[in-house]
Amino acid sequence: NNNNNNNMPLTTTSEHMNVDSMDRQPSILTDDTYQPSLNKKVKLTMSHDTDPVLCKETAATAIDKNERKLRDLSLYIHSNPELGFEEIKAHNALTRALKDVGFKVHDHYHLDTGFRAEFGDSSTGPTVAVMCEYDSLPGLGHACGHNLISEAGVAAGLGVKAAMETNSCPGKIVVLGTPAEEGNAGKAIMLKSGAFQGIDCAIMAHPNSYNLLAGMHLALIRMKVVFNGRAAHASAYPWEGVNALDAAVACYSSISHLRQQMKPTWRVHAIISDGGKVPNIIPERSELQMYLRAPVYSEVLALKERIMGCAEGAAKAAGCTYETHDIGEAYLPVLANPVILDLFTANAESAGLDYDPSLGPVPRGSTDMGNVSFQMPSIHPLFAIGTDANIHTSGFAEASSSKEANSKAIQVGKALAFTAIDILSQDGVLNSAKMAYREQIRNA
């Protein structure tokens with residue numbers, strides 16, 4: 001499967017110091033400079049000769065022609081798992097493949113392992129971006145299947161480019177490489193730095209154990225609580241110590257008791273990341289790291305307030321002081337754009353995928369694609385890869401390199417390409433998607 005070769009050209013035509021304010025909103029929610037494309041009126045100068053059906057046939061042919069090379073690209077990324085912000089091999093392989101087929105590629109785009117590959121002319125129509133993710137999980141490799149996201153993303157870009165060259169499909173297609181989705185919110189960072197400048201809408205799909213058009217991806221705050229006590233010899237003079245580990249244990253226990261009063265859609269996951277150094281020293285410092293999730297950001301803030309109460313009570317009981325710190329960027333829930341999602345549903349069927357629109361959203365994890373969806377019309381459907389294993393397991397990591405998984409990624413790549421073609425070639429689709437987006441933002 002050519003795993004040792006990343007040069008795979010494609011062809012185409014109590015005393016409390018709250019360090020980070022509990023009420024801090026994610027900055028991208030309030031800064032209008034991050035959504036320039038949504039405030040412009042796009043003039044669609046679409047040719048009457050542009051036939052979406054012919055464009056989609058051309059795109060499917062180009063993707064099929066390169067199926068083996070796309071699979072090799074996915075397998076190379078799968079065989080070389082890299083953590084967030086360290087995806088050097090994946091970055092190089094993906095950018096090389098896109099350069100080889102004629103995309104204008106910006107390497108190391110806003111982040112060391114980010115990239116932006118473009119083709120087309122934004123003056124003739126909308127600009128649609130297809131997301132690529134390629135970071136892995138510590139100790140599990142590609143147990144979230146991000147190699148397949150990259151495969152589908154490159155396939156979609158390749159297909160749309162072929163339609164632009166052969167059938168005069170208007171607009172611009174962007175394949176955007178977004179590092180560090182797993183726990184580091186790479187897209188949120190890229191949004192703040194302007195990496196999404198000029199993009200009108202963003203699409204992607206994520207592997208899963210079953211097909212789902214719109215999962216309930218939760219808002220997420222990552223935080224830590226640090227308790228500070230006083231060290232002492234644990235045997236000779238224990239009464240002189242103030243045990244910070246006792247505070248951490250009490251806080252963890254209080255959170256467990258709190259679960260009875262939490263909403264069914266709220267989630268808290270916590271670990272004691274620092275509990276002392278050796279048993280014969282009373283720990284003077286302890287630390288809990290935790291993820292707080294809820295369907296909407298305001299509920300995450302409400303949950304965080306309850307967690308702060310657990311920390312304060314634990315600190316008072318143990319005689320410690322405590323500090324709280326937010327970790328990195330907040331993740332926002334995904335606002336699946338109904339206009340684009342309807343297009344994807346129809347195109348997925350054309351590509352041979354079976355989605356049940358009546359299947360309602362269920363609480364899942366979180367993704368920085370949610371942050372993107374608060375800035376522009378976006379979708380993030382899930383696609384089955386032929387396994388019963390859940391994501392973030394060794395079984396899913398193994399399935400992500402299977403022949404069936406790669407075949408599904410190719411089908412999804414076609415569905416994304418067809419959806420992009422509809423947005424690019426059909427007058428009024430983008431404006432309808434923007435109107436739906438604005439309504440979602442008003443109700444978020």
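Position 1 is the first residue of the sequence, and the numbers go up from there.
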Non-neighbouring partners of Arg285 that pass side chain to side chain donor-acceptor pair (under 3.5 Å), sequence neighbours left out: Asp274, Glu287
When you measure from the centre of the six-membered ring of Phe119, is the NZ or CZ of Lys161 closer than 6.0 Å and no more than 45° off the axis? yes
ring-ring contact (aromatic ring centres under 6.0 Å, His included) partners for His91, two or more places apart: His108
Is the shortest side-chain N to carboxylate O distance from [X] to [Y] below 4.0 Å?
X	Y	answer
Asp72	Arg68	yes
Lys187	Glu181	no
Glu323	Lys224	no
Asp107	Lys99	yes
Lys316	Glu312	yes

Does [Y] offer a backbone N or O that forms a donor-acceptor pair with the side chain of [X] under 3.5 Å?
X	Y	value
Arg230	Asn243	no
Tyr331	Ala185	yes
Ser253	Val249	no
Thr127	Ser122	no
Ser402	Ala405	yes
Glu87	Phe85	yes
Tyr134	Glu82	no
Arg259	Val268	yes

Quick one: are the ring centres of Tyr355 and Phe344 less than 6.0 Å apart? yes
Closest heavy-atom contact between [X] and [Y]?
X	Y	value
Asn228	Val226	OD1-CG1, 4.0 Å
Ile255	Ile307	CG1-CD1, 3.9 Å
Gly145	Ser400	CA-OG, 3.5 Å
Ile173	Gly157	CG1-CA, 4.3 Å
Leu148	Pro207	CD1-CB, 4.1 Å
Ala152	Ala409	CB-O, 3.6 Å

Check the pair Met131 / Ile149 against side-chain contact (heavy atoms from CB on, under 4.5 Å), numbers first and verdict last. CA-CA 8 Å; Met131 304 292 105; Ile149 298 176; 5.6 Å; no
Is the Tyr109 ring parallel, tilted or perpendicular to the His106 ring (thresholds 30°, 60°)? tilted
With no hydrogens and no angle check, do the side chains of [X] and [Y] hold a donor and an acceptor under 3.5 Å apart?
X	Y	answer
Ser74	Asn147	yes
Arg364	Asn208	yes
Asn347	Asp422	yes
Asn280	His233	no
Ser366	His217	no

Worked check of side-chain contact (heavy atoms from CB on, under 4.5 Å) between Val175 and Cys132: CA-CA 7 Å; Val175 180; Cys132 286; 3.6 Å; yes
Per side chain to side chain contact (heavy atoms under 4.5 Å, CB included), Leu335 is matched among Ile379, Asn443, Ile441 by Ile441
Quickly, which of Lys89, Glu86, His142 forms a side chain to side chain contact (heavy atoms under 4.5 Å, CB included) with Pro81? Name it, please. His142
Tell me, with the steps shown, if Ser373 and Asn337 meet side-chain contact (heavy atoms from CB on, under 4.5 Å). CA-CA 8 Å; Ser373 75; Asn337 187 272; over 6 Å; no
Salt bridge (Lys or Arg N to Asp or Glu O under 4.0 Å) between Lys69 and Glu67, intermediate numbers included: CA-CA 6 Å; Lys69 294 172 182 177; Glu67 180 174 0; over 6 Å; no
Step by step, would you call Asp326 with Lys304 a salt bridge (Lys or Arg N to Asp or Glu O under 4.0 Å)? CA-CA 11 Å; Asp326 285 348; Lys304 182 179 180 181; 2.7 Å; yes
Salt bridge (charged side-chain N to carboxylate O under 4.0 Å, His left out) contacts touching residues 291-300 (sequence neighbours left out): Lys263-Glu299
Does the pair Leu220 and Val300 meet the rule for a side-chain contact (heavy atoms from CB on, under 4.5 Å), with working shown? CA-CA 7 Å; Leu220 165 67; Val300 179; over 6 Å; no
Has Met435 got more than 12 heavy atoms of other residues, nucleotides or ligands less than 6.0 Å from its CE? no
